[in-house]
Amino acid sequence: MLKDTVRTKTYQNVIYQNSFLFKDKVVLDVGAGTGILSLFCAKGGAKHVYAVECSHMADMAQEIVKTNGYSDVITVLKGKIEEIELPVQNVDIIISEWMGYFLLFENMLNTVLYARDKWLIPGGIVLPDKASLYLTAIEDADYKAEKIDFWENVYGFDMTCIKNQAMLEPLVDTVDRNQIVTNCQSLKTMDISKMKPGDASFTASFKLVAERNDYIHALVAYFDVAFTNCHKVTGFSTGPKSRATHWKQTVLYLEDVVTICEGEALVGSMTIAQNSKNPRDVDITLEYSISGKRCQAHRKQFYKMR
């Protein structure tokens, strides 16, 4: 992920170009990994940074901090946020790269919110502080035929059961912007500085209007994040019209091939919920309909990100 320049350079620019936020402040880095964000904060003027990482990467981060001469400014703590104790009562800033695929799959949002409620001072800053999930629709006949419809006839044998399983699992992949058939619509914007853990489960309606005559084979979800406490609002998008990131986009194939004419709308709702057995997994319920000149359809589909 360090090679994801969109992600890493955005965080670097936020810190270096807004040193007034970090000067003489105590920072908590949640899920520090190699410690790169902690190093940015230390170089950006932070008084002290507590880098918390629960994996063995904490040992590497400790070595990296020492090698780069920041041992007096950065303290690496190995363990889960929910289980460790900080040497200080409060922090001024919480920074984290918590986002997962589809924004919410295998994410660390609840961990960030736990740290916020336990240690962040009143009026403290969470970076990033806004995250928005978007939806659009694409034409994707070739890939769907190759990867999904293929199972209907495998050398003369019916393996539809595998197709059914493939349809349940959203695909994380890079989408060509030329495949986009409709407008893009925001499903949800989350304010990380104010939201509650349960707010990450929600139902949102959508209306995707065709910008040309085409077919719709799948819906595509992506997210944007924003750092609004900066001198100038900064952020990045993981959408198909933006520079590629390691998050790519999330493709949800439809059982129907929707024939849509310019100006017609695919309408419906999407329900996103944490899985009851594993909150890092995501259950998605999609309901959609169209009543157009060449296509009428209404369907409910279920997806599981595991």
Side-chain angles (χ1 to χ4, degrees), residues 10-100 104 107-131 190-200 225-231 233-234 274 279-280:
T10 299
Y11 277 88
Q12 184 185 48
N13 290 338
V14 163
I15 295 164
Y16 289 178
Q17 295 174 10
N18 295 275
S19 57
F20 69 94
L21 291 176
F22 293 87
K23 183 174 175 56
D24 298 326
K25 295 295 193 300
V26 177
V27 180
L28 173 60
D29 181 0
V30 177
T34 60
I36 187 65
L37 301 187
S38 295
L39 291 165
F40 290 158
C41 291
K43 190 172 181 179
K47 178 181 179 180
H48 203 89
V49 183
Y50 294 97
V52 180
E53 172 59 45
C54 68
S55 75
H56 66 86
M57 189 57 70
D59 301 322
M60 294 293 100
Q62 183 74 63
E63 186 66 25
I64 291 167
V65 167
K66 181 179 179 182
T67 299
N68 287 276
Y70 284 102
S71 295
D72 292 340
V73 182
I74 301 174
T75 299
V76 178
L77 299 170
K78 187 175 184 178
K80 295 182 178 180
I81 280 285
E82 295 84 355
E83 297 173 0
I84 61 113
E85 288 296 331
L86 293 183
V88 293
Q89 189 172 3
N90 297 109
V91 299
D92 302 295
I93 298 172
I94 291 176
I95 194 166
S96 180
E97 193 272 89
W98 58 266
M99 301 78 71
L104 297 170
N107 71 84
M108 295 191 303
L109 177 57
N110 283 349
T111 299
V112 171
L113 299 182
Y114 177 92
R116 178 201 68 187
D117 294 343
K118 185 170 183 179
W119 288 299
L120 190 64
I121 63 168
I125 295 172
V126 180
L127 298 171
D129 61 309
K130 295 290 196 319
M190 296 183 290
D191 186 337
I192 316 306
S193 63
K194 298 177 181 178
M195 68 179 292
K196 299 176 182 178
D199 294 344
V225 296
F227 302 77
T228 69
N229 289 292
C230 302
H231 176 64
V233 174
T234 306
Q274 292 178 314
R280 288 170 63 83

Next on the checklist: Ignoring hydrogens, what is the shortest heavy-atom contact between A46 and V27? Give both atom names and the distance.
Outcome noted: CB-CG2, 3.9 Å

Next on the checklist: Using 0.5 Å steps for rounding, measure from the OG1 atom of T111 to the CZ atom of R280.
Outcome noted: 7.5 Å

Item to check | Verdict with supporting geometry, D199 and M190, side chain to side chain contact (heavy atoms under 4.5 Å, CB included) | outcome: CA-CA 8 Å; D199 294 344; M190 296 183 290; 5.7 Å; no

Next on the checklist: Which residues pass the side chain to side chain donor-acceptor pair (under 3.5 Å) test with Q17, not counting sequence neighbours?
Outcome noted: none

Checklist entry - Is the closest side-chain donor-acceptor distance between S193 and D129 under 3.5 Å? => result no

Checklist entry - For E97 and L37, which heavy atoms make the closest approach, and how far apart are they? => result N-CD1, 4.1 Å

Checklist entry - Sub-3.5 Å donor-acceptor pair from the side chain of N107 to the main-chain atoms of L109, do we have one? => result yes

Next on the checklist: The test is side chain to side chain contact (heavy atoms under 4.5 Å, CB included); show your working for M195 and L113 and say whether it passes.
Outcome noted: CA-CA 8 Å; M195 68 179 292; L113 299 182; 4.0 Å; yes

Checklist outcome for this item: Hits for side-chain contact (heavy atoms from CB on, under 4.5 Å) against P122, two or more places apart or cross-chain, chain-then-number order -> none

Checklist outcome for this item: Between I93 and L127, the two heavy atoms sitting closest are CG2-CD1, 4.0 Å

Item to check | Gap separating the SG atom of C41 from the CD atom of Q12, nearest 0.5 angstrom | outcome: 11.5 Å

Next on the checklist: Pair H231, V14 - check side chain to side chain contact (heavy atoms under 4.5 Å, CB included), show working.
Outcome noted: CA-CA 9 Å; H231 176 64; V14 163; over 6 Å; no

Next on the checklist: Give me the atom names and distance for the closest heavy-atom approach of M99 to Y11.
Outcome noted: CE-OH, 3.7 Å

Checklist entry - Under 4.5 Å between any side-chain heavy atoms of S96 and M108, yes or no? => result yes

Checklist entry - Is there side-chain contact between V88 and Y50, with heavy atoms separated by less than 4.5 Å? => result yes

Item to check | Backbone N/O of V73 and side chain of H48: donor-acceptor pair under 3.5 Å | outcome: yes

Item to check | Between CG on residue N68 and OG on residue S38, distance to nearest 0.5 Å | outcome: 12.0 Å

Checklist entry - What distance separates C54 SG from E83 CD, expressed to the nearest 0.5 Å? => result 9.0 Å

Checklist entry - Which distance, rounded to the nearest 0.5 Å, do you find between the OG of S19 and the NZ of K25? => result 10.5 Å

Next on the checklist: Taking T10's backbone N and O only, do any of them form a donor-acceptor pair with N13's side chain (distance below 3.5 Å, no angle check)?
Outcome noted: no

Checklist outcome for this item: One should read off an interatomic distance between N90 CG and L120 CG, to the nearest 0.5 angstrom, of 8.0 Å

Checklist outcome for this item: Heavy atoms of A61 and G33 approach each other most closely as CB-O, 3.4 Å

Checklist entry - Quick one: ring pair (Phe, Tyr, Trp, His ring centres under 6.0 Å) pairs with a partner in residues 21-46, sequence neighbours left out? => result Y16-F40

Checklist entry - Mind checking whether V49 and T75 have side chains closer than 4.5 Å, heavy atoms only? => result no

Checklist entry - Do W98 and P128 have side-chain heavy atoms sitting under 4.5 Å apart? => result yes

Next on the checklist: Can you confirm whether V30 sits close enough to I95 that some side-chain heavy atom of one is under 4.5 Å from a side-chain heavy atom of the other?
Outcome noted: no

Item to check | Any V52 side-chain heavy atom under 4.5 Å of D29 side chain | outcome: no

Next on the checklist: If you compare all heavy atoms of L21 against all heavy atoms of N229, which two are closest, and at what distance to 0.1 Å?
Outcome noted: CD1-O, 3.7 Å

Checklist entry - Is E53 paired with K80 through a side-chain N to carboxylate O contact shorter than 4.0 Å? => result no

Item to check | Close side-chain approach of L28 and R116, heavy atoms under 4.5 Å | outcome: no

Item to check | Neighbour count >12 (heavy atoms, 6.0 Å) for atom CG, D72 | outcome: no

Item to check | Contact check, side chains of T34 and I64, non-hydrogen atoms, under 4.5 Å | outcome: yes

Checklist entry - Is K43 atom NZ crowded by more than 12 heavy atoms from other residues, nucleotides or ligands, each under 6.0 Å away? => result no

